[in-house]
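Report on the structure given below.
If you're wondering where the values come from, they're calculated on a predicted model, not measured in any experiment. If you read the sequence from its start, that first residue is 1, and numbering goes on from there.
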Amino acid sequence: MARGITIKSAEDIEMARRAGRLAAEVLGMIEPHVVPGVSTETLDRICHDHIVNVQGATPANLGYHGYPKTILTSVNQVVCHGIPSPDKLLKKGDIINIDVAVNKDGWFGDTSRMYFVGTPNVLARRLVETTYEALLAGIRQVRPGATLGDIGHAIQSVAHREHFSVVREYCGHGIGRIYHEEPNVLHHGRRGEGLRLEPGMVFTIEPMLNAGQRETRTLADGWTVVTKDRSLSAQWEHMVAVTPEGHEVLTPWPGGTGAHAPV
């Protein structure tokens, strides 16, 4: 343990890598189904069946703190934690984040990515692409001796360059045998501040950027978080391990993600 943070062995990281790759595989599998007219409930059912019947894994979100579904589907102004519904039909021009987590042999894998439904408008495309760039900027800071503040500063620098805001109520987290553990990984910060990284740390980086102001509110269902000003929001997420040489992304998307190469 380092400051209450679990340091994973090489064997531990192999198990986390296995779970992470399964979660990433789900995001690749579901991509052809993200089309106009499909319900988010249908996407949830397809992902659930794949995780259980093909991967032999457990949907980690289902029942977690009472959450009722397998995936989280956050469309347009939904920041995070959108609940799949038979009544929510995707339409041309939507942007959607799908967040999936699996448990395989006691280890958690957690990742999310954005999808375009048809052709997005210019602002939506710029927001989604900037959020992905911010994720990569944060990941590139991960190495022994760097700090969590370095990660947050890199992310917010990309966001602010494009005049987007960074959501502060939600953050990345340690992960392994426990779904959410220390440390909290903020997506804003100052260089050189915060926890110093060591080999064997494993955590998610999952920035949420808004096209408008950063403030959010939670809907009456107790889960769905939306932008307070109803502006668009985007999020991408990877699991990352700190290695002696730098970092390893544990949730590489099969074949990359559209125009985005694997990292």
Side chains of Leu197 and Ile151 in contact at under 4.5 Å (non-hydrogen atoms):
yes

Hey, are Arg113 and Asp99 close enough for a salt bridge, meaning a charged N less than 4.0 Å from a carboxylate O?
no

Return the NE2 to OG distance between His160 and Ser165, rounded to the nearest 0.5 Å.
7.0 Å

NE2 on His33 to NE2 on His50, rounded to 0.5 Å
9.5 Å

About how many Å separate NE2 of His247 and CZ of Arg140, when rounded to the nearest 0.5 Å?
8.0 Å

Could you tell me whether the side chain of Thr131 and the main chain of Leu127 form a donor-acceptor pair under 3.5 Å?
yes

Glu206 and Thr204: side-chain donor and acceptor closer than 3.5 Å?
yes

If every non-hydrogen atom of Phe116 is compared with every non-hydrogen atom of Ile95, which pair is closest and at what distance?
CD2-CG2, 3.8 Å

Using side-chain contact (heavy atoms from CB on, under 4.5 Å) as the criterion, list what pairs up with Leu186, not counting sequence neighbours.
Cys171, His188

Option passing side chain to side chain contact (heavy atoms under 4.5 Å, CB included) with His48 (candidates Asn53, Leu62, Val100)
Leu62

Does the side chain of Ile205 reach to within under 4.5 Å of the side chain of His187, using non-hydrogen atoms?
yes

Yes or no on side-chain contact (heavy atoms from CB on, under 4.5 Å) for Tyr132 and Met114, after CA distance, side-chain angles and deciding distance?
CA-CA 9 Å; Tyr132 187 76; Met114 297 298 298; over 6 Å; no

Atom CG of Asn61 and atom NE2 of His65: how far apart are they, to the nearest 0.5 Å?
10.5 Å

Can you check whether Ser233 reaches Val78 side chain to side chain, under 4.5 Å on heavy atoms?
no

For the backbone of Asp150 and the side chain of Arg191, can you confirm whether one donor and one acceptor N or O come within less than 3.5 Å of each other?
no

Do Val226 and Ile98 belong together in a cluster built from hydrophobic side chains that touch within less than 4.5 Å?
no

I want to check something: taking the side chain as every heavy atom from C-beta on, are Ile5 and Leu195 in contact at a cut-off of under 4.5 Å?
yes

Shortest non-hydrogen contact between His81 and Ser74, atoms and distance
N-OG, 3.4 Å

Does a side-chain heavy-atom distance below 4.5 Å link Val117 with Pro36?
yes

Check the side chains of Ser231 and Asn210 for a donor-acceptor pair under 3.5 angstrom, ignoring hydrogens and angles.
no

If two hydrophobic side chains count as joined below 4.5 Å and joins carry through other members, does Val240 share a cluster with Val102?
yes

Nearest heavy-atom pair of Ser112 and Trp253: which atoms, and what distance?
O-CZ2, 3.4 Å

Looking only at non-hydrogen atoms, find the nearest pair between Ser85 and Ser39 and report the distance.
O-CB, 3.8 Å

ring-ring contact (aromatic ring centres under 6.0 Å, His included) with Tyr64: which residues, sequence neighbours excluded?
Tyr179, His180

Glu129 and Arg125: salt bridge (charged side-chain N to carboxylate O under 4.0 Å, His left out), yes or no, with the steps?
CA-CA 6 Å; Glu129 293 181 349; Arg125 181 179 294 277; 3.8 Å; yes

Hey, are the side chains of Asp110 and Thr251 touching, using non-hydrogen atoms and a 4.5 Å cut-off?
no

How many angstroms lie between CZ in Phe203 and CG in Leu250, if you round to the nearest 0.5 Å?
10.0 Å

Should Val34 and Val75 be counted in the same cluster of Ile, Leu, Val, Met, Phe, Trp and Tyr side chains packed under 4.5 Å apart?
yes

Taking all atoms of both residues into account, what is the closest heavy-atom pair of Glu182 and Asn184, and its distance?
OE1-N, 3.7 Å

Leu135 and Leu27: same hydrophobic cluster, using ILVMFWY side-chain contacts below 4.5 Å?
yes

Less than 4.0 angstrom from a charged side-chain N to a carboxylate O is my criterion; do Glu14 and Lys8 meet it?
no

Within the structure provided, determine whether Gln213 and Thr227 are in side-chain contact (heavy-atom separation under 4.5 Å).
no

Are Leu209 and Thr130 side-chain neighbours, meaning at least one heavy-atom pair lies under 4.5 Å?
yes

Using salt bridge (charged side-chain N to carboxylate O under 4.0 Å, His left out), reason through Lys69 and Glu41 one step at a time and then give a plain yes or no.
CA-CA 9 Å; Lys69 298 292 182 178; Glu41 172 81 10; 2.7 Å; yes

I'd like to know whether Asn76 forms a side-chain contact (heavy atoms from CB on, under 4.5 Å) with Lys91, so could you lay out the CA-CA distance, the side-chain angles of the two residues, the decisive distance to 0.1 Å, and finally the verdict.
CA-CA 11 Å; Asn76 295 335; Lys91 61 184 187 300; 3.8 Å; yes

Does the pair Ile96 and Thr40 meet the rule for a side-chain contact (heavy atoms from CB on, under 4.5 Å), with working shown?
CA-CA 10 Å; Ile96 177 175; Thr40 52; 4.3 Å; yes

Taking Lys92 for its side chain and Pro120 for its backbone only, find out whether a donor-acceptor pair lies under 3.5 Å.
no

Interatomic distance, Arg217 atom CZ to Thr224 atom OG1 [nearest 0.5 angstrom]:
10.5 Å

What closest approach, in Å, do Phe108 and Ile178 show between heavy atoms, and which atom pair accounts for it?
CD1-C, 3.7 Å

Look only at the side chain of Arg17 and the backbone of Glu248, and say whether a donor-acceptor pair between them is shorter than 3.5 Å.
no

Short side-chain to backbone donor-acceptor contact, Asp49 and Ile46, under 3.5 Å
no

Count I, L, V, M, F, W, Y as connected when their side-chain heavy atoms are under 4.5 Å apart, and connections chain through other members. Are Met239 and Leu22 then in the same cluster?
no

Take Ile7 and Glu198 through the side-chain contact (heavy atoms from CB on, under 4.5 Å) test and state the conclusion after the steps.
CA-CA 8 Å; Ile7 300 298; Glu198 300 177 26; 4.2 Å; yes

Between Trp223 (side chain) and Cys80 (backbone), is there a donor-acceptor pair under 3.5 Å?
no

Just checking Arg161: does its CZ atom have more than 12 heavy atoms from other residues, nucleotides or ligands closer to it than 6.0 angstrom?
yes

Going by atom types only, do Thr216 and Glu169 share a side-chain donor-acceptor pair under 3.5 Å?
yes

